[in-house]
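Both backbone and side-chain heavy atoms feed into the values below; hydrogens, waters and symmetry mates do not. The shown structure was predicted, so the numbers you read here are calculated from the model rather than taken from an experiment.
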Amino acid sequence: ERIARGGFAAFEQRFDPRGNVIARWFTGADGEPVEGPEGLARIEVEHDPLDQPLVIRGFRPDGSPLPELRIDYTPCWDVDRLRFTTADGAPWLNRQGYATMDLVHDACYTHIETRYLDEAGNLVHAQPADAG
């Protein structure tokens, strides 16, 4: 019953030499690939030299790829932009209706607004940072 509610029986992780998770996969009771909590059977994470995640790749239980999440940072290492893309970098419209989430910062790199853009870069929605 718990497996049915959670969607998986176990998960395994692989780490790089610096301790960053670089892969995680979910399995069912018989060891078969199954979807985990975010609907992904496996993820792979690519980090920069400062251990910031740059790309998160997701895969279905059959091994086929899902859109990638690419992460850009400000010079102060705050998240600046999240982009959903195909493996070759083309924008991908996610289930929430946007392909890019821009975190707008002021001159002091304080987050002041979040802008959601479609795959062509058109504004879908904007939300002030203090809107919760």
Side-chain angles (χ1 to χ4, degrees):
E1 181 181 341
R2 287 184 182 173
I3 293 171
R5 280 187 286 161
F8 63 97
F11 73 90
E12 296 183 46
Q13 298 184 110
R14 193 171 353 137
F15 300 87
D16 68 13
R18 297 183 313 261
N20 297 307
V21 173
I22 57 171
R24 178 180 298 139
W25 57 97
F26 298 88
T27 57
D30 296 325
E32 74 281 6
V34 297
E35 290 184 3
E38 290 84 32
L40 307 171
R42 186 176 89 241
I43 64 164
E44 296 175 357
V45 183
E46 182 181 317
H47 295 85
D48 71 8
L50 297 176
D51 297 329
Q52 299 278 13
L54 294 175
V55 180
I56 301 173
R57 293 178 183 90
F59 300 87
R60 294 181 180 94
D62 68 4
S64 61
L66 290 162
E68 298 180 352
L69 176 62
R70 296 174 182 262
I71 306 166
D72 300 324
Y73 297 91
T74 69
C76 295
W77 296 108
D78 293 316
V79 173
D80 188 39
R81 177 176 292 137
L82 299 171
R83 297 176 289 130
F84 292 93
T85 70
T86 61
D88 62 357
W92 181 284
L93 195 64
N94 69 14
R95 290 180 184 172
Q96 290 78 31
Y98 64 90
T100 301
M101 185 171 75
D102 278 336
L103 284 78
V104 180
H105 299 87
D106 64 16
C108 297
Y109 296 108
T110 300
H111 176 215
I112 58 172
E113 184 179 59
T114 303
R115 294 181 184 158
Y116 301 89
L117 311 172
D118 67 15
E119 62 269 68
N122 300 311
L123 183 66
V124 174
H125 177 72
Q127 179 176 338
D130 61 0

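A donor-acceptor pair under 3.5 Å links the side-chain atoms of Asp106 to the main chain of Cys108, judged by distance alone. Judged by distance alone, with hydrogens and angles left aside, the side-chain atoms of Arg60 form a donor-acceptor pair with the main-chain N or O of Pro65 at under 3.5 Å. In this structure, the side chain of Glu32 engages the main chain of Asp30 through a donor-acceptor pair within 3.5 Å. Using a distance-only test at 3.5 Å, with no hydrogens or angles considered, a donor-acceptor pair links the side chain of His111 to the main chain of Glu113.
Counting all heavy atoms, side chain and backbone alike, Gln52 lies closest to Trp77 at NE2-CB, 3.5 Å. Considering all non-hydrogen atoms of both residues, Pro91 and Ala99 come closest at CB-CB, 4.3 Å. For the pair Thr86 and Arg70, the tightest heavy-atom approach, listed with the atom from each and the gap, is O-NH2, 4.2 Å. Looking at every heavy atom in both residues, Asp16 comes nearest to His47 through OD2-ND1, 4.4 Å. In plain terms, the two heavy atoms of Gly97 and Val124 that are nearest each other are O-CG2, 3.8 Å. Summarising the geometry of Tyr73 relative to Asp80, their closest heavy-atom pair is C-CB, 3.6 Å, with the distance given to 0.1 Å.
The side-chain heavy atoms of Leu123 and Leu117, taken from C-beta on, include a pair separated by under 4.5 Å. Using a 4.5 Å heavy-atom cutoff, the side chains of Leu103 and Asp78 are not in contact. Ile56 has its side chain within reach of Ile71: a pair of non-hydrogen atoms, C-beta onward, lies under 4.5 Å apart. A heavy-atom distance below 4.5 Å is not found between the side chains of Glu46 and Glu44. Side-chain contact between Pro33 and Trp25 is absent, with no heavy atoms from C-beta onward closer than 4.5 Å. At a threshold of 4.5 Å between non-hydrogen side-chain atoms, the residues Phe8 and Thr27 do not count as touching.
Using a 4.5 Å cut-off between side-chain heavy atoms of Ile, Leu, Val, Met, Phe, Trp and Tyr, with links allowed through other members, Leu40 and Val34 fall into different hydrophobic clusters. A continuous path of hydrophobic side-chain contacts links Trp92 to Leu66 [ILVMFWY only; heavy atoms under 4.5 Å]. Taken together through direct or relayed side-chain contacts under 4.5 Å among Ile, Leu, Val, Met, Phe, Trp and Tyr, Leu82 and Tyr109 form parts of separate hydrophobic clusters. One hydrophobic cluster holds both Phe84 and Leu54 under the rule that ILVMFWY side chains link at heavy-atom gaps under 4.5 Å. No single ILVMFWY cluster, assembled from side-chain heavy atoms under 4.5 Å apart, contains both Val104 and Val79.
Rounded to the nearest 0.5 Å, atoms OG1 (Thr85) and CG (Asn94) are 12.0 Å apart. Residue Glu119 holds its CD atom at 4.5 Å from CG of Leu93, rounded to the nearest 0.5 Å. In this structure, Gln96 CD and His125 NE2 are separated by 12.5 Å, a value rounded to the nearest 0.5 Å.
Of the candidates Arg81, Arg83, Arg115, Asp102 forms a salt bridge (charged side-chain N to carboxylate O under 4.0 Å, His left out) with just one, namely Arg81.
Within a 6.0 Å radius of CZ in Arg18, other residues, nucleotides and ligands contribute more than 12 heavy atoms.
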Should Val45 and Asn20 be marked as a side-chain contact (heavy atoms from CB on, under 4.5 Å) after you check the CA-CA gap, both sets of side-chain angles, and the distance that decides it? CA-CA 9 Å; Val45 183; Asn20 297 307; over 6 Å; no
